[in-house]
Amino acid sequence: MDAQSDTKHTSFQLTGMTCAACAARIEKGLRKLEGVTEANVNFAMEKAAVTFDPTQVNRDRMEQTIIKLGYGTVRESIDFDIIGMTCAACATRIEKGLSKMPGVTEASVNLAMETARVVYNPAEVSPTDMQMRVAKLGYEAVRKTEQTKSAEHRATEIKKQKRKLWISIVLSFPLLWAMVSHFSFTSWVWLPELLMNPWVQLALATPVQFYIGGQFYTAAYKALRNKSANMDVLVSMGTSSVYFYSLYLTIVWAAQAGHQHTPEMYFETSAVLITLVLLGKLFESLAKGRTSEAIKTLMGLQAKTAIVIRDDQELSIPLENVVVSDVVLVKPGEKVPVDGNVIDGLSSVDESMLTGESLPVEKRAGDAVIGATVNKNGVLKVQATKVGRDTALAQIIKVVEEAQGSKAPIQRIADIISGVFVPIVVGIALIAFVVWYFWVTPGDFANALEKAIAILVIACPCALGLATPTSIMAGSGRAAELGILFKGGEHLESTHRVDIVLLDKTGTVTKGKPELTDVQTVLDETLFLKYVGSAERNSEHPLADAIVEGIRNRGISLPESKQFEAIPGFGIRAVVEGREVIVGTRKLMAMSDIHVKAALAHMTQLELEGKTVMLVAIEGSYAGMVAVADTIKETSKAAITRLHEMGIQVMMMTGDNQRTAEAIASQVGIDRVLAEVLPEGKAEEVKKLQAQGLRVAMVGDGINDAPALAMADIGMAIGTGTDVAMEAADVTLMRGDLNSIPDAILMSRRTMRNIKQNLFWALGYNTLGIPIAALGLLAPWVAGAAMALSSVSVVLNALRLQRMKP
């Protein structure tokens with residue numbers, strides 16, 4: 001019975017099953033695991049139910065077993081807006097609460113954005129369960145998909161905060177006036193006798209304490225109910241202590257009316273403290289709103305409506321109602337509403353929002369257009385290929401949101417500290433009270449209480465919780481404005497550690513649009529080019545495109561080729577009009593036993609000019625050569641100079657031959673070259689550099705760069721390249737400009753410096769503030785002002801990143 005009670009149940013949503021045999025295989029694999037007592041797989045529902053002993057096996061082990069068997073498990077992620085958080089301890093508590101739920105594999109709460117991201121198993125837990133869990137912890141979780149008016153919600157909250165603050169100021173000012181008049185240097189200040197009456201002070205302080213400050217009591221109760229403590233606990237304890245002590249003095253004074261002087265009240269301390277905390281939270285909310293300006297700017301780029309042609313009628317409909325395959329009419333001056341292909345019309349489109357290129361790009365039938373770009377002069381008919389969340393702009397917004405909501409590894413320091421900070425502070429405050437009451441000023445309860453309150457208030461960990469996320473938000477947002485998309489806070493942090501940048505040549509250093517420049521043949525030139533063009537027309541290599549386009553521009557028609565074979569890293573082989581044609585490198589010719597010695601001198605000369613030369617053999621004999629040149633991007637040299645000035649090594653890696661690679665490298669100032677590297681060898685070259693202790697950033701734009709991008713410490717994909725490369729990379733450089741590389745590293749360096757400044761300020765502030773308060777050198781209201789200032793200063797420091805210029 002006991003053994004049975006120790007078992008737990010879990011379930012997995014499965015993918016990859018094709019028949020009942022798959023289900024049986026998964027069942028068998030799971031049952032073999034030590035600790036699994038029962039496993040049942042439902043093929044129809046694609047679900048596995050498992051009974052297991054948690055002391056012997058866990059969910060991760062079971063999931064790994066399913067994956068090893070060749071199947072997958074479904075994990076989903078969901079974003080919530082969290083309402084009611086006040087400090088880092090709140091975020092930590094929600095994070096822990098969600099992480100402990102069955103089926104939740106990861107939970108990350110961002111205090112600055114007031115959001116939570118949860119990765120979970122939908123077979124075991126639902127978003128509603130998570131919302132209920134957060135509610136039980138004392139907060140509210142609203143699904144992002146439901147929160148269509150999050151900006152309005154924030155504005156409403158700020159409006160409510162402002163109203164409460166003004167009420168608090170009006171009620172607290174007379175109490176502050178009474179307190180200031182007690183100082184010897186302000187004895188000249190006139191004070192109405194009425195304000196010295198304890199009952200009047202009580203009447204003014206009570207609404208502030210329980211109506212304005214009620215939110216702190218509610219949040220503190222919820223925190224303590226869940227066996228944790230946060231900023232609200234500190235504020236509630238501090239203000240309540242002084243309020244109820246003053247209330248006690250008032251009652252004693254009233255009971256002995258006429259027999260003693262009016263006692264010194266402390267109502268102003270609690271009221272002014274609450275007012276200052278509210279002021280700090282308002283400034284913090286306003287500043288935090290500014291950190292998400294980048295998202296608002298990106299969202300503002302989207303068109304709101306689209307003109308769709310349906311049943312030969314032009315209909316203006318909301319953007320969200322456009323579906324794939326709809327034909328959209330884009331008039332001059334309008335934004336292109338969706339990603340798609342032009343099917344009719346001729347115009348130029350301003351794509352600067354995506355590429356940074358200020359010159360409009362000509363668009364005609366067959367060309368692709370991107371949503372949110374601006375049509376300049378002609379009318380275009382565009383067939384939608386991607387709408388809603390799938391558009392390029394929506395993907396950019398998603399990447400930026402995920403980066404802003406993610407945690408950088410450095411934040412773990414703050415999370416660990418804030419988790420234990422409040423209980424420690426309460427302990428220090430109690431010790432300080434005892435020391436002052438029994439030893440420093442024996443029997444002076446009011447004085448000892450004041451010192452304890454100052455400690456409670458000065459130590460609020462708000463600044464600590466905001467130190468990292470506000471910098472990540474501001475830094476990643478500013479980077480997005482510069483066309484640099486960091487996929488997460490961890491990449492924004494680690495980019496600054498890069499020692500060497502490894503550049504692909506074609507499409508990265510060069511424009512990636514080579515042109516046919518030289519033809520040398522022992523045959524008739526037209527016949528020779530017909531064979532070469534026909535053989536190359538089936539190749540997807542950019543050099544092949546250049547050759548074919550150059551031959552077609554000479555008016556030569558190209559017949560179909562047969563038996564086409566691409567030989568990666570070497571060239572191609574095909575049959576044209578019954579003759580075998582081989583086009584490629586020296587190595588390919590040697591592999592095919594074709595003698596090309598007589599052509600090598602001319603080939604070397606062309607390569608020294610930075611041209612890529614391909615040798616051609618027809619029917620087993622050398623027939624000639626063609627050369628193409630890829631022009632260098634105008635900004636490449638300046639970008640590489642900047643990297644060198646930053647102390648970063650630069651190396652170029654290419655499949656081209658050594659001479660061509662060195663010619664290109666010398667033009668842009670690259671001193672190290674890896675030439676004739678096969679696509680599968682690029683990742684190996686990254687490994688070799690890492691083995692030397694170097695942190696490698698790989699920059700590329702093609703499918704063949706994806707393994708190296710994934711292998712590198714930081715993979716940077718040129719955004720004008722392929723989706724595969726962008727998916728494998730940690731950073732996407734949307735503008736295809738190498739200057740984005742030093743910009744990305746500089747953004748990372750400045751963000752990390754900003755985080756360290758914030759952490760130093762937040763930790764240093766508390767480290768210094770607590771002993772100063774314990775020594776009795778801080779009045780509680782001064783401590784409250786300082787605490788509010790610390791949070792605001794951290795957020796304002798982070799906002800400096802939004803003004804960063806590369």
Side-chain angles (χ1 to χ4, degrees), residues 294-295 298 354-356 392-393 395-410 471-504 507-509 635-636 639-640 642-643 646 648-651 653 682-683 686 689-690 694-703 705-752 755 801 804 806:
I295 297 288
L298 287 169
L354 189 72
T355 64
L393 182 62
Q395 292 301 308
I396 292 169
I397 292 170
K398 182 184 175 186
V399 170
V400 177
E401 282 182 330
E402 287 180 354
Q404 291 193 337
S406 66
K407 286 191 177 184
I410 196 171
S471 296
I472 293 291
M473 287 172 68
S476 56
R478 178 59 181 144
E481 290 170 2
L482 296 171
I484 302 160
L485 305 182
F486 289 95
K487 283 194 177 176
E490 67 274 23
H491 306 309
L492 181 56
E493 176 177 333
S494 54
T495 298
H496 83 284
R497 300 193 189 100
V498 165
D499 300 310
I500 184 167
V501 172
L502 197 55
L503 300 171
D504 176 49
T508 303
V509 176
T635 54
S636 291
I640 288 156
R642 285 179 65 197
L643 287 169
M646 294 168 76
I648 295 168
Q649 300 177 52
V650 183
M651 181 186 288
M653 181 166 61
K682 290 186 176 183
V686 171
L689 291 169
Q690 289 171 329
L694 296 171
R695 294 186 185 91
V696 182
M698 171 69 196
V699 186
D701 75 330
I703 291 173
D705 297 322
L709 289 168
M711 177 62 64
D713 296 284
I714 291 292
M716 296 186 180
I718 298 290
T720 49
T722 65
D723 290 342
V724 176
M726 291 167 69
E727 190 64 34
D730 306 309
V731 184
T732 300
L733 311 176
M734 295 303 298
R735 294 181 176 173
D737 181 346
L738 288 198
N739 269 311
S740 292
I741 302 169
D743 287 350
I745 295 169
L746 187 64
M747 196 74 241
S748 175
R749 286 181 178 180
R750 292 192 180 174
T751 302
M752 286 310 299
I755 288 172
L801 290 169
M804 191 204 99

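Throughout, residue positions are numbered sequentially from 1 according to the sequence presented.
Of the inter-residue distances, the one linking Glu490 atom CD with Ile472 atom CD1 reads 9.0 Å to the nearest 0.5 angstrom. Here Ile500 contributes atom CD1 and Met651 contributes atom CE; the two are 4.0 Å apart, rounded to the nearest 0.5 Å. To the nearest 0.5 Å, atom OG1 of residue Thr495 and atom CD1 of residue Ile745 are 7.5 Å apart. Atom-to-atom distance recorded for Met653:CE and Thr508:OG1 is 10.0 Å, nearest 0.5 angstrom. We find the CG-CG distance between Leu502 and Leu709 to be 10.0 Å, quoted to the nearest 0.5 Å. One finds the CE atom of Met716 at 11.5 Å from the NE2 atom of His491 (value rounded to the nearest 0.5 Å).
Pairing each heavy atom of Ala744 with each of Ile484, the nearest pair is N-CD1, 3.6 Å. For the pair Glu481 and Arg735, the tightest heavy-atom approach, listed with the atom from each and the gap, is O-NH2, 3.1 Å. Contact between Leu801 and Ala474 at its shortest, heavy atoms only, is CB-CB, 4.1 Å. The shortest heavy-atom contact between Leu492 and Ser476 is CD2-N, 4.0 Å. The minimum heavy-atom distance linking Ala639 with Pro742 is given by the pair O-CG, 4.0 Å. Nearest heavy-atom pair, Met646 versus Arg749, reported as atom, atom and distance to 0.1 Å: O-NH2, 3.2 Å.
In this structure the side chain of Met698 reaches within 4.5 angstrom of the side chain of Asp504, judged on heavy atoms. Using a 4.5 Å heavy-atom threshold, the side chains of Met711 and Gln690 count as touching. Between Ile755 and Glu493 the shortest side-chain heavy-atom distance does not fall below 4.5 Å. Annotation: side chain of Ser494 is not in contact with side chain of Asp713 (no heavy-atom distance under 4.5 Å). You'll find the side chain of Arg497 stays beyond 4.5 Å of the side chain of Ile714, heavy atoms only.
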Side chain to side chain contact (heavy atoms under 4.5 Å, CB included) evaluation trace for Lys487 with Asp730: CA-CA 6 Å; Lys487 283 194 177 176; Asp730 306 309; 5.5 Å; no
Leu738 and Leu643: CA distance, side-chain angles, deciding distance, side chain to side chain contact (heavy atoms under 4.5 Å, CB included) verdict: CA-CA 10 Å; Leu738 288 198; Leu643 287 169; over 6 Å; no
Steps toward side chain to side chain contact (heavy atoms under 4.5 Å, CB included) verdict (Asp737, Asp743): CA-CA 10 Å; Asp737 181 346; Asp743 287 350; over 6 Å; no
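Judged purely by atom type and a 3.5 angstrom limit, Arg478 uses its side chain to pair as donor or acceptor with the backbone of Met804. The backbone N or O of Met747 lies less than 3.5 Å from a partner atom in the side chain of Thr751, making a donor-acceptor pair.
A side-chain contact (heavy atoms from CB on, under 4.5 Å) with Ile648 is found for one member of Val501, Asp499, Ile741 and no other, namely Val501.
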